[in-house]
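Reckoned from all heavy atoms, side chains included, excluding hydrogens, waters and symmetry mates.
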Amino acid sequence: MASTNASSGFRADIQGMRAVAVLAVLVYHIWPGVLPGGYVGVDVFFVISGYLITGLLVREFERSGTISLREFYARRIRRLLPAASATLLAVAAAAWAWSSASEWGDLAKELVASALYVENWLLVQRSVDYLAQDAAPSPVQHFWSLSVEEQFYIFWPLLMLGVGALARGRGWPVRKAFLVSLGVVSLASLGYGVYVSFVDPAPGYFLTTTRIWELGVGGLLAIAGGAEGNGPARWVRAGFGWLGMVAIAVACGFYSSRLPFPGYEALLPTLGAVALLYSRSGPGTALGTLLSSRPMQYFGDISYSLYLWHWPIVVFYPLVTGREVATFQDGMAVAAVSVLVAHVSKQFIEERFRHGRQGESLRPYAIGAGLTALLALSAGGLIFTGSRQAEAQIAAMEASGLDAHHPGAQAIANGQHGDFADFIPKADIARLDRGPAYGIDGSSRCIGSVPSAELMFCNYGNENAKKTVVIVGDSHAVHWLPALEVVAKSEHWRVIGLTKSSCAFTATLTRFASGGVDRDYTECRAWGRAAMDWLLAEKPDLVVLSHSPRQAVPGTPYGRSQEKIAEGVVAYVDELERAGIRVASIRHTPWQDEDVPACMARPGASVDTCSSSQAKAASKGSLNIAAGTDPYLHLIDLQRYFCFEDRCPVVVGGVLVYRDKHHLTATYARSMAPILAQELKKAMR
């Protein structure tokens, strides 16, 4: 996203390309349905950055026989760090003012990671973390691309310096040595990107190693000198320019977030950007006139600040206004505020720091270190402190327990359907009300991760108890564990949670689709077989099944997917039946339209406005289907404790039911414990 003008002179066409890139990203983030592939604007930025940076480094080496790393990094710090630090500090302040305290801990990590330009590494880790999939979008997640660029800026000059020194020592042509060595690196990165896009696309999207080739092809063009005015005739170059623009436009209009990226599909917008650079479209051509127009030059000029500021504004807009960015008017408001803030940032931050004085190459390092330290200490300390406060509230709420003012599901059991004056947990800490299967930071303590088929267990009660109950499934099994922990104590049972992220206990191959990933979930099927073997060996008194009603089968519509998953469930139930093991399933938990804590935290929100109708929320998923086809599978139907009078209210008996759209708060789950205990006893008869 950085703006770097070649020393050979200003190029209006490159400034126009920046405008194309940033406007594509802006429209995609505000109106994704209008430009579903607008995210490829980032790929265009990568090509531009690789072209400009490599050109500067090549010319410096040819001029002086070396590359001044100190001066190079000083320029990068002056150009990038002040505006980025201002954005991150503003995000920290906005989070303190408007976001939920339960989100501060995770945001603190991202702020520090973004300040250190390793946000992409953090997102790689979270891309395979199912526990993070239902979290609210981070206001700094777009720093992943800036992190990739900064990491590129660290190793690329070192590589060129080494190759250049070797070429000089061996008497090789320097540019040819650069072309060969950097070409090999770029090809290796492209090959790895294609490989990862098929094998594990979620983390691959953010990896530096899968993105180097996009910056590298721009660098190769700069080394080859193909955009310096020599070569084919002007009309041939103009043709390349239009082809490049069409390639970028096609990718923006027809790509979608479900494409495995950056695989071979990324070649279209990336090579399109190379073609545009190669064309060197000047004001004398139709394309050059478009790129050189005043609006395009303006947006190109503020492109770095606009990229920095627009996404936090998109994220915080609903928190400030109480409205989603759902209408054209809301989108235009977000766009206008983004442009205004970017304009101010460009004039008063970027321009203030970008030009250094002669002999001041050490000053930017001191400024950079100071800004990073300030951000890490102030933002991180503030947000982690807030998170600890939220956790203290959760601990205090758990210690006080349910009471007459907050009976939760017991209100329904006692025939009380009326409203209660207030509710627990409060909306700003509801996300932390997860139960003992999760760590303080939200990480898994005893839940199998997506890329692993290893069995992990949550154990409650006495190991030598006379009765053993095992609940098997995904996070919808996990959210019953707080209730089962209470049941284990009250009934003197042994309760075991055998769970895996996003994995239904079925013999059918399912699909994992989240965070840009859409692939066969082979680890789930392997885990399911291993879980079955363990159950057959352990022979518990009861196996309870629970999983999301939105699991899917590869290449299969939703309704048929549920039927196929149900067939796989029945196959496993039959196997357990032959071993004499009783099996029950819990009817699917209703799924709300909106994130419940976020909705309830908005100004003017109410239980009614945040609750979905029973027709929309209550899904007839695979477990319900399986129970209807296999009489051995006992269905535990708890629907009346979630939905009544054609609504599925988000608050029942003074307790907030959900900690996102579809996972129960631990508090509400615990209020279900006596009810669940009775149902489990029926299933064991």
Checklist entry - Are a donor atom and an acceptor atom from the side chains of Asp474 and Ser502 found within less than 3.5 Å of each other? => result no

Next on the checklist: Side chains of Ser622 and His547 only: does a donor on one sit below 3.5 Å from an acceptor on the other?
Outcome noted: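 A donor-acceptor contact under 3.5 Å links the two side chains.
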
Checklist entry - Which atom pair, heavy atoms only, marks the closest approach of Ser501 to Ser449? => result OG-CA, 4.2 Å

May I ask you to check whether [Y] and [X] place their ring centres under 6.0 Å from each other?
X: His29; Y: His142; answer: no
X: Trp527; Y: Tyr521; answer: no
X: Tyr205; Y: Trp144; answer: yes

State, yes or no, whether a side-chain contact exists between [X] and [Y] at a heavy-atom distance under 4.5 Å.
X: Leu319; Y: Ser99; answer: yes
X: Val470; Y: Val544; answer: no
X: Gln639; Y: Pro590; answer: yes
X: Gln410; Y: Pro674; answer: yes
X: Leu680; Y: Leu676; answer: yes

Checklist entry - If you count the non-hydrogen atoms of other residues, nucleotides and ligands that lie under 6.0 Å from CH2 in Trp534, is the total more than 12? => result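 Count over threshold, so yes.
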
Next on the checklist: Check the orientation of His662 and Trp591. Use parallel for under 30°, tilted for 30 to 60°, and perpendicular for over 60°.
Outcome noted: parallel

